[in-house]
Amino acid sequence: MAAVARALIGTTLLVDGVGGMVVETEAYDRNDPASHSFRGPTLRNAAMFGPPGHAYVYRSYGIHWCLNLVCGGEPGAAVLIRALDPAFGLDAMHSRRGGLPVRDLCRGPGRLCQALGITDALNGRRLDEAPFLLRPRTAEPVIAAGPRIGISQGVATPWRFGLAGSRLLSRPMRG
DNA sequence: ATGACGATGCACT
DNA sequence: GTGCATCGTCATG
């Protein structure tokens, strides 16, 4: 749901105390050909059809992990977390990802999962319990929207959201 | 049983 | 900008 994806920009996401402010998200739902839930429930996407407020973690390109937050309302809706502003646990992030510039630690869905230590072990887990911690935003951010990244269907749906002007996005915002 | 294809990231030109 | 690693998942036969 796009409203949830927007609402998550500016919130803070931590896993075992490591993380930062969410600066980029994408929305997916069941009526969306780009969504893993489009073809109905399967073993992989089961968490998307489970209760809201849980994590959906999937493997991307056989290599990376990606984190989604499952939404309420119609089943099969979730928000992909695409980038964070690294702020807490920078030592842990660097030990997992190497001595990169801070701005590169969480810029991209696979990168942020590596930096935060997110794997399929967290698939289906509640987001309101350890190791997760979600902290509400303290100010109303200016949000830019545009087409989602890396999909071949549903390209016209502008369900990518980012903190306007941020240099921490996985790619510059367009649209 | 098998093949096509990724909600990506990195190295390289 | 381009090429490609790498393997689970799903659709098809």
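Just so we're on the same page: letters track the sequence lines, and every chain starts at 1.
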inquiry  = With a 4.0 Å cutoff (strictly under), does any side-chain N or O of A:R107 reach OP1 or OP2 of B:dC10?
reply    = no
request  = Return no unless some side-chain N or O of A:R111 is found under 4.0 Å from OP1 or OP2 of B:dC10.
outcome  = yes
Gap between atom [atom2] of [Y] and atom [atom1] of [X] - 0.5 Å precision:
X	Y	atom1	atom2	result
A:C113	A:L84	SG	CG	9.0 Å
A:F132	A:L14	CZ	CG	11.0 Å
A:S37	A:M48	OG	CE	3.5 Å
A:N68	A:T25	CG	OG1	10.5 Å
A:L13	A:L133	CG	CG	8.5 Å
A:L112	A:E24	CG	CD	9.5 Å

[X] [atom1] to [N] [atom2]: how many Å, rounded?
X	N	atom1	atom2	value
A:Q153	B:dA7	CD	C1'	12 Å
A:I81	B:dT8	CD1	P	14 Å
A:R148	B:dT8	CZ	C1'	16 Å
A:L105	B:dG9	CG	P	13 Å
A:R82	B:dG9	CZ	C1'	11 Å
A:I149	B:dG9	CD1	P	10 Å
A:F38	C:dT9	CZ	C1'	17 Å

task = Tell me which residues in residues 56-80 of chain A put a heavy atom below 4.0 Å from DNA chain C, sorted by number, or none.
result = A:R59, A:Y61, A:G62, A:I63
query = Given that A:Y28 and A:D104 both sit by DNA chain B, which one's nearest nucleotide is further toward the 5' end?
reply = A:Y28
request  = Let me have DNA chain B in dot-bracket notation, would you? Count Watson-Crick plus G-U wobble pairs, both distances under 3.5 Å, and use [ ] for pairs crossing earlier ones and | for inter-strand partners.
outcome  = ||||||.|||||.
task = Answer yes if A:V57 and A:V22 sit in the same cluster of Ile, Leu, Val, Met, Phe, Trp and Tyr residues linked by side chain heavy atoms under 4.5 Å apart, and no otherwise.
result = yes
ask   = For atom CZ of A:R97, is the number of surrounding heavy atoms from other residues, nucleotides or ligands below 6.0 Å larger than 12?
value = yes
message = Could you check whether A:R148 makes a cation-pi contact with A:Y28, meaning its NZ or CZ is under 6.0 Å from the centre of the six-membered ring and within 45° of the ring axis?
response = yes
key: Ion pair check, A:E26 and A:R82, cut-off under 4.0 Å   = yes
Nucleotide N/O to protein N/O under 3.5 Å, stretch nucleotides 10-13 of chain C:
unit_1	atom_1	unit_2	atom_2	d
C:dC10	OP1	A:T42	OG1	2.3

query = With a non-hydrogen cut-off below 4.0 angstrom, is A:R160 in contact with a base, only sugar-phosphate, or nothing?
reply = nothing
task = Kindly give the heavy-atom pair with the smallest separation between A:L134 and A:L69, and that separation in Å.
result = CD2-CD1, 4.1 Å
